[in-house]
Amino acid sequence: MTAALSAHELIARHRSTLDQALEAIRTRAYWSPHPEHPKAYGENGSLDAAAGKAAFDALLGTRLDLGQPGTDDWVGGETSPYGIDLGVTYPHADLDVLLPAMRAGQRAWRDAGAEQRAVVCLEILKRISDRTHEFAHAVMHTSGQAFMMAFQAGGPHAQDRGLEAVAYAYVEQVRTPDNAEWTKPQGKRDPLAMTKQFTPVPRGIGLVIGCNTFPTWNGYPGLFASLATGNAVLVKPHPRAVLPLALTVQVAREVLAETGFDPNLMALVAEHPGEGIAKTLALRPEIRIIDYTGSTEFGDWLEANARQAQVYTEKAGVNTVVVHSTSDYKGMLSNLAFSLSLYSGQMCTTPQNLLVPREGISTDQGPKTYDEVVADLAKSVDGLLGDDARANALLGAIVNPDVKARLEGAAGLGEVALASREISNPDFPGAVVRTPVIVKLDGAKPDAEAAYMSECFGPVSFAVAVDSAADAAELLRRTVREKGAMTVGAYTTDPKVEQDVREVCLEEAAQLSLNLTGGVYVNQTAAFSDFHGSGGNPAASAALCDGAFVANRFRVVEVRREA
């Protein structure tokens with residue numbers, strides 16, 4: 001295979017970006033090479049807003065032929081949460097043909113070395129970045145995110161997470177030198193001398209099982225971590241969110257071919273309705289790595305049954321905010337209201353349980369009772385979402401009927417402090433748009449526990465009355481230990497309470513945000529700086545991204561000989 005792009009060209013083009021990413025993960029300071037603003041695109045080969053929308057529109061109703069071996073049928077069926085039938089069809093694979101073809105190119109990919117693999121990955125990310133406007137529409141119309149969120153989270157933020165994984169993968173692979181000269185003195189005898197060669201070798205084929213809500217943001221870390229460490233990657237998207245990952249595979253295959261590698265190192269597997277191909281794939285002996293985001297039930301099944309693979313899961317959790325006291329009551333309410341509303345609460349990091357002392361809290365506006373805190377939060381959410389245009393821009397659309405059913409059922413779990421209301425979207429009349437519901441629960445009552453100790457994914461929050469700050473800390477501990485949490489928040493002006501909550505989070509391995517009242521929210525994390533999940537509680541078996549997320553995707557094999 002003839003390379004259109006040489007290793008030298010790619011290193012010259014991308015080495016400085018890789019070096020900046022390496023520095024960013026070392027310092028944890030803010031950095032991103034991917035612009036967040038839509039107007040930043042349209043030059044140097046990137047698509048502007050109009051061209052990106054036109055490119056997306058041109059995909060509708062087409063067959064996305066990736067040129068993969070073993071295609072035995074064409075499948076589709078995606079319907080946008082905004083009411084549009086996408087009509088795109090994708091290759092269905094004969095696994096007995098596709099998987100051997102994917103393995104065929106791994107030797108050359110392994111022998112290319114860590115640096116060349118890294119810059120090939122960066123070229124893939126650059127080409128995806130150039131098509132950010134197109135990808136944004138693909139994410140929007142498969143996840144239900146509002147356009148700006150789809151643009152940022154599905155575009156630059158996802159690309160940042162992919163680059164972050166490449167940087168960590170590079171660090172771990174070059175930790176061991178390629179070659180070493182080893183000499184051991186033997187006193188009067190001649191020394192023992194050995195020449196040793198060390199090669200990072202991939203595990204095999206990595207399987208990425210995509211999610212419905214954040215197909216690129218959650219998919220790119222595992223995808224690029226496996227690819228950068230020498231593995232082939234098979235992408236199995238969620239049936240409702242195939243398009244963004246199919247486009248990703250298309251770009252990756254093009255870059256692999258142009259750089260002289262086998263394009264079958266990256267492939268897509270789409271499925272017939274109800275086929276459940278993820279279970280079949282997960283047990284194939286060729287699959288040696290699995291990255292999964294989704295329900296606890298299937299994540300637990302993967303961990304228990306896919307014994308031949310290294311499994312990385314992000315599952316469900318019950319995210320909690322302790323509300324004890326604040327020096328900025330208005331800022332606290334505003335921050336929480338935004339956190340509860342963003343993307344209709346359809347984020348694995350959205351707060352669910354708000355633990356509030358039943359005797360109330362102290363604030364800069366004087367004491368506030370439990371009832372006042374909950375009522376004021378409900379007013380803040382109402383104020384944030386009072387204008388329908390703004391509400392649509394924040395809420396997006398309900399992603400699937402299961403979320404809608406949970407939202408509608410939540411009102412029967414306790415006293416409703418804020419009822420959900422329906423909002424129409426004039427641009428997309430078929431969209432299902434709902435504001436959040438807030439339900440009051442008494443933490444001391446056993447019948448309430450079934451609600452607040454289970455994840456209720458979507459725009460549902462529980463204001464749980466607790467006896468004291470100490471009671472809140474213990475309930476937080478039990479929640480994280482038993483159910484897991486991707487995020488924890490706390491508001492307090494008391495150093496003792498802060499220390500108690502911090503200690504719970506350290507002991508139970510939960511990421512903590514303290515006293516957020518400005519433009520940073522508990523359900524947002526920044527690549528290169530924040531860790532998403534910890535791998536230390538039941539919500540996730542890995543963190544995005546750290547050394548542990550990449551280091552076990554390859555092993556170092558030594559060849560030694562006498563000097």
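A donor-acceptor pair is defined here as one N or O able to donate and one able to accept, closer than 3.5 Å; no such pair exists between the side chain of Ser454 and the backbone of Ala451. Between the side chain of Glu271 and the backbone N or O of Gly276 there is at least one donor-acceptor pair closer than 3.5 Å. At distances below 3.5 Å, not a single donor-acceptor pair connects side-chain atoms of Gln511 with backbone N or O atoms of Thr487. A donor-acceptor pair under 3.5 Å is formed between the side chain of Ser541 and the backbone N or O of Thr313. For Ser529 (side chain) and Arg28 (main-chain N/O), a donor-acceptor pair under 3.5 Å exists by modelled atom type. The backbone N or O of Ser143 sits nowhere less than 3.5 Å from a side-chain atom of Thr213 that would complete a donor-acceptor pair. Of the possible donor and acceptor atoms, one in the side chain of Gln352 sits under 3.5 Å from a partner among the backbone N and O of Cys456. Side chain of Ser420 to backbone of Thr435: a donor-acceptor contact under 3.5 angstrom is found. The backbone N or O of Tyr329 lies less than 3.5 Å from no partner atom in the side chain of Tyr491, so there is not a single donor-acceptor pair. With hydrogens and angles ignored, the 3.5 Å screen pairs no side-chain donor or acceptor of Asn537 with any backbone N or O of Val480.
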Do any side-chain atoms of residues 395-406 form donor-acceptor pairs under 3.5 angstrom with protein atoms, and if so which ones, sequence neighbours left out?
{"from": "Asn400", "atom 1": "OD1", "to": "Asp402", "atom 2": "N", "distance (Å)": "3.0"}
{"from": "Asn400", "atom 1": "OD1", "to": "Val403", "atom 2": "N", "distance (Å)": "3.1"}
{"from": "Lys404", "atom 1": "NZ", "to": "Glu408", "atom 2": "OE2", "distance (Å)": "2.8"}
{"from": "Arg406", "atom 1": "NE", "to": "Phe457", "atom 2": "O", "distance (Å)": "2.9"}
{"from": "Arg406", "atom 1": "NH2", "to": "Phe457", "atom 2": "O", "distance (Å)": "3.3"}

Result block: side-chain N/O donor-acceptor pairs under 3.5 angstrom for residues 512-523, not counting sequence neighbours:
{"from": "Asn515", "atom 1": "OD1", "to": "Thr492", "atom 2": "N", "distance (Å)": "2.9"}
{"from": "Asn515", "atom 1": "ND2", "to": "Thr492", "atom 2": "O", "distance (Å)": "3.2"}
{"from": "Asn523", "atom 1": "ND2", "to": "Ser339", "atom 2": "O", "distance (Å)": "2.9"}

Considering only distance and modelled atom types, tabulate donor-acceptor pairs under 3.5 Å from the side chains of residues 48-56, sequence neighbours left out.
{"from": "Asp48", "atom 1": "OD1", "to": "Ala50", "atom 2": "N", "distance (Å)": "3.3"}
{"from": "Asp48", "atom 1": "OD1", "to": "Ala51", "atom 2": "N", "distance (Å)": "2.9"}
{"from": "Lys53", "atom 1": "NZ", "to": "Asp57", "atom 2": "OD1", "distance (Å)": "3.0"}
{"from": "Lys53", "atom 1": "NZ", "to": "Asp57", "atom 2": "OD2", "distance (Å)": "2.8"}

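Taking CG of Leu302 as the reference point, atom CG of Leu207 lies at 8.5 Å (rounded to 0.5 Å). Rounding to the nearest 0.5 Å gives a distance of 6.0 Å between CG of Asp376 and CG of Leu333. The structure places CD of Gln159 at 6.5 Å from OH of Tyr220, a figure rounded to the nearest 0.5 Å. Here the CD1-OG1 distance, from Ile25 to Thr27, works out to 9.5 Å after rounding to the nearest 0.5 Å. If you take CG on Leu476 and CZ on Arg478, they are separated by 11.0 Å, rounding to the nearest 0.5 Å. Atom CG of Leu475 and atom CG of Asn353 lie 7.0 Å apart (nearest 0.5 Å).
Taking the charged nitrogens against the carboxylate oxygens, Lys483 and Glu455 have no contact shorter than 4.0 Å, which rules out a salt bridge. For Asp442 and Arg358, the salt-bridge test passes: some basic side-chain N is under 4.0 Å from an acidic carboxylate O. In this structure, Lys379 does not pair ionically with Glu372, as no charged nitrogen and carboxylate oxygen lie closer than 4.0 Å.
Partners of Arg481 by salt bridge (Lys or Arg N to Asp or Glu O under 4.0 Å), not counting sequence neighbours, listed by chain and number: Glu508. With sequence neighbours excluded, no residue satisfies side chain to side chain donor-acceptor pair (under 3.5 Å) with Asn212. Scored by the salt bridge (Lys or Arg N to Asp or Glu O under 4.0 Å) test, Asp371 finds Lys440 as partners (sequence neighbours excluded).
Minimum interatomic distance between Pro35 and Ala40 (heavy atoms only, all atoms of both residues): CB-CB, 3.4 Å. A pairwise comparison of heavy atoms in Ala337 and Leu377 identifies N-CD1, 4.0 Å as the closest pair. Considering every non-hydrogen atom in both Phe528 and Trp31, the closest pair reads CD1-O, 3.3 Å.
For the 3.5 Å distance criterion, the side chains of Glu78 and His141 fail to qualify, holding no donor opposite an acceptor. Using modelled atom types and a 3.5 Å distance limit, the side chains of His532 and Glu314 yield a donor-acceptor pair. Remark: the Ser327 side chain and the Asp364 side chain contain no N/O donor-acceptor pair separated by less than 3.5 Å. Under 3.5 Å, the side chains of Thr493 and Ser325 contain a donor-acceptor pair of N or O atoms. Defined by atom type and a distance below 3.5 Å, a donor-acceptor pair is missing between the side-chain atoms of Thr349 and Gln524.
Under a cut-off of 6.0 angstrom, the local environment of CZ in Arg502 is sparse, with at most 12 non-hydrogen atoms contributed by other residues, nucleotides or ligands.
A 4.5 Å side-chain heavy-atom check between Tyr90 and Leu243 finds at least one atom pair inside the cut-off. The shortest side-chain heavy-atom distance between Leu336 and Ser380 does not fall under the 4.5 Å cut-off. Residues Pro538 and Glu482 have side chains not in contact (no heavy-atom distance under 4.5 Å, counting atoms from C-beta outward). Between Phe338 and Val381 the shortest side-chain heavy-atom distance does not fall below 4.5 Å.
At least one cation-pi condition fails for Arg161 and Phe224: the charged atom is not both under 6.0 angstrom from the six-membered ring centre and inside a 45 degree cone around its axis.
Classified by interplanar angle (parallel below 30°, tilted 30° to 60°, perpendicular above 60°), the ring pair Phe214/Trp217 is perpendicular.
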Do Arg421 and Asp388 pass the salt bridge (charged side-chain N to carboxylate O under 4.0 Å, His left out) test, and can you show the C-alpha distance, the side-chain angles, and the key distance before you say yes or no? CA-CA 11 Å; Arg421 66 183 180 90; Asp388 283 2; 3.6 Å; yes

